[in-house]
There are 2 protein chains.
Amino acid sequence: MERRDEILHIAGQLFSQRGYHATSMRELARHLNLQGGSLYAHIASKEELLIEVVRQAAARFLGVLEGLEGDPVAKIRALVRGHLRVIAEELPRATVFFHEWKHLSPPFLKEARALRRRYEEGVQGVVQEGVDKGVFRTESARLATLFLLSALNWTYQWYRPEGPLSLEEISEQYARLVLRALGVWEGGEDGEA
Amino acid sequence: MERRDEILHIAGQLFSQRGYHATSMRELARHLNLQGGSLYAHIASKEELLIEVVRQAAARFLGVLEGLEGDPVAKIRALVRGHLRVIAEELPRATVFFHEWKHLSPPFLKEARALRRRYEEGVQGVVQEGVDKGVFRTESARLATLFLLSALNWTYQWYRPEGPLSLEEISEQYARLVLRALGVWEGGEDGEA
DNA sequence: CCTACCGATCGGTAGG
DNA sequence: CCTACCGATCGGTAGG
């Protein structure tokens, strides 16, 4: 069972780097010092690897939603931080979650879509709560949610642990940008550093 | 030469739907009522199709940058509109531009990266101009640019022509969200519809 | 643009 | 977990 986790780990890395279809089972096996066919002593199929990686990533993102508390502003702040932290800690899996899931076939595809929708609905819930309480000002909660999700989801494309900006800095400023977009002007903050 | 454009058109659609590696040349040929090998009378390789689609999409996005004029606020508004319009009109090609380019091999990969970078630098230029003129208020122009690009780039994931929101509505509100994030509060607008 | 074909590689299995 | 193998399919080419 431990070996299976190793396989999943490497599979996540390869799928995220080269893409699902461009990763062959033999290549995966080579990274584990195995023969191609030996993988099937631990897993049923290539697609199983993909859905498992998607599930692992989904669990991390959904975990962020569960930890939210406080007023809508605090929730958005924690959401931005949490989302970026998952991406920082799980870049390969997050990448698969955001992209490679599309290559799943119907039964698993449906599951992946459901997991992603749950996350999106969680985010929308926070936005809606802020709108209902009069804290966020936006014409359409739906569009503001899509905007927020877009800003968050794309970060896996450019965030690199070794980059010039620390996760702390990025989180801090991203949260500010998002809150401003939602119509929340921070007290005592005039926009200059 | 007209036939080649047809091939490129269908290739863009298939690459965006199923992904580059999951699209076979025989499948592409079938969509054109051709035999697999016949494609090579018009093109040199599968990869050529990919880079060409990327180039076409890049031309559209870079065209948006060229059309920008006025003050930074007007430019951001036109940028958001233009970007979303390209996505609306060229969804398959835009998708390939944002994703499938990763599967290019070194020489073409470099070109694709350069095209994307040019677009990103163009956007950064607008943000920087706004910051320099004191119109935009943000701690880091770089991070604000990444935020803006993230919000824009991800739209191809959820925008659908047949969706409930018209391109006009989306553009209008997206521009407002972006400008607010950049610290621009619209005069006479209090956030309520 | 077709027919016929190339070598390579694919995911997966049998049997140990 | 290995050896040896399966049928299928891949991108691409020769010759017409």
Side-chain angles (χ1 to χ4, degrees), chain A residues 1-55 92 96 99-109 111-112, chain B residues 1-55 92 96 99-109 111-112:
Chain A
M1 193 57 81
E2 187 196 291
R3 193 64 165 150
R4 192 168 193 274
D5 291 337
E6 280 185 62
I7 296 174
L8 284 172
H9 186 70
I10 306 292
Q13 292 182 349
L14 294 177
F15 290 168
S16 75
Q17 280 168 26
R18 317 178 190 210
Y20 177 68
H21 280 108
T23 303
S24 76
M25 294 304 273
R26 282 162 179 81
E27 190 181 359
L28 172 59
R30 212 179 310 121
H31 281 261
L32 292 151
N33 293 316
L34 289 180
Q35 295 302 315
S38 305
L39 288 169
Y40 294 89
H42 303 94
I43 57 148
S45 69
K46 185 182 181 184
E47 195 174 20
E48 184 190 296
L49 291 176
L50 181 52
I51 185 67
E52 282 287 358
V53 172
V54 167
R55 283 175 185 143
V96 172
H99 266 124
E100 303 302 319
W101 66 272
K102 286 184 192 173
H103 298 113
L104 288 163
S105 56
F108 291 136
L109 185 64
E111 180 185 343
Chain B
M1 193 59 79
E2 186 198 291
R3 192 64 166 150
R4 192 169 192 273
D5 292 337
E6 280 185 63
I7 296 174
L8 284 171
H9 186 70
I10 307 291
Q13 293 183 348
L14 293 177
F15 291 169
S16 74
Q17 280 169 27
R18 317 178 190 210
Y20 177 68
H21 281 108
T23 303
S24 76
M25 294 303 273
R26 282 162 179 82
E27 190 181 358
L28 172 59
R30 213 178 310 124
H31 281 261
L32 292 150
N33 293 317
L34 289 182
Q35 295 303 312
S38 305
L39 288 168
Y40 294 87
H42 302 94
I43 58 150
S45 68
K46 186 182 180 183
E47 195 173 19
E48 183 188 298
L49 291 175
L50 182 51
I51 186 66
E52 282 288 358
V53 173
V54 167
R55 283 174 185 144
V96 171
H99 265 124
E100 303 304 320
W101 65 274
K102 288 183 191 173
H103 297 114
L104 289 163
S105 56
F108 291 136
L109 185 64
E111 181 184 344

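As a basis for the values below, the full set of heavy atoms in this structure was taken, side chains included, without hydrogen atoms, waters or symmetry mates. In what follows, every chain begins at residue 1, and chains take the letters A, B, ... in the order their sequences are listed.
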**Q** Would you kindly give the CG-to-P distance between A:Leu39 and C:dG11, to the nearest whole Å?
**A** 10 Å

**Q** Salt bridge check, B:Arg30 against B:Glu27: does any charged N sit closer than 4.0 Å to a carboxylate O?
**A** no

**Q** Kindly indicate whether a cation-pi arrangement holds for B:Lys102 with B:Tyr20, taking the cut-offs as under 6.0 Å to the six-membered ring centre and within 45° of the axis.
**A** no

**Q** Just the rounded figure in Å: distance from C1' of D:dG12 to CD1 of B:Ile43.
**A** 10 Å

**Q** Without decimals, in angstroms, what is the distance between B:His103 NE2 and D:dC10 P?
**A** 17 Å

**Q** Does A:Ala44 or B:Leu34 map to a spot on DNA chain C nearer the 5' end, using the closest nucleotide for each?
**A** B:Leu34

**Q** Using atom CG of A:Leu14 as one end and atom P of C:dC10 as the other, report the distance to the nearest whole Å.
**A** 13 Å

**Q** Take atom CD of B:Glu6 and atom C1' of C:dC1, then tell me their distance rounded to the nearest Å.
**A** 14 Å

**Q** To the nearest Å, give me how far apart CG (A:Leu32) and C1' (D:dC1) are.
**A** 12 Å

**Q** Is the number of heavy atoms from other residues, nucleotides or ligands within 6.0 Å of NE2 (A:His9) greater than 12?
**A** no

**Q** Nearest whole angstrom, please: distance from the P of D:dG11 to the NE2 of A:His21.
**A** 12 Å

**Q** Checking contacts here: which listed nucleotide (D:dC1, D:dC2, C:dC2) is nearest the side-chain heavy atoms of B:Gln35?
**A** C:dC2

**Q** Is there a Watson-Crick or G-U wobble partner for C:dG16 with both distances under 3.5 Å, and if so, which one is it?
**A** D:dC1

**Q** Between D:dC2 atom P and A:Met25 atom CE, what is the distance in whole Å?
**A** 14 Å

**Q** Closer than 4.0 Å, any side-chain N/O of A:Tyr40 to the OP1 or OP2 of C:dG12?
**A** yes

**Q** Measure the shortest side-chain to side-chain distance between A:Leu32 and A:Leu39 over non-hydrogen atoms and say whether it is less than 4.5 angstrom.
**A** yes

**Q** Is the phosphate of D:dG12, meaning OP1 or OP2, less than 4.0 Å from a side-chain N or O of B:Arg26?
**A** no

**Q** Counting just side-chain N and O atoms, does A:Ser24 come under 4.0 Å of either OP1 or OP2 of C:dT9?
**A** no

**Q** Say whether, by atom type as modelled, one donor and one acceptor occur between the side chain of B:Glu47 and the main chain of B:Ser105 under 3.5 angstrom.
**A** yes

**Q** Report the residue (B:Ser45 or A:Gly37) whose heavy-atom-nearest nucleotide on DNA chain D is the more 5′ of the two.
**A** A:Gly37

**Q** Can you tell which of D:dC1, D:dG11, C:dC1 lies closest to the side chain of B:Lys46?
**A** D:dG11

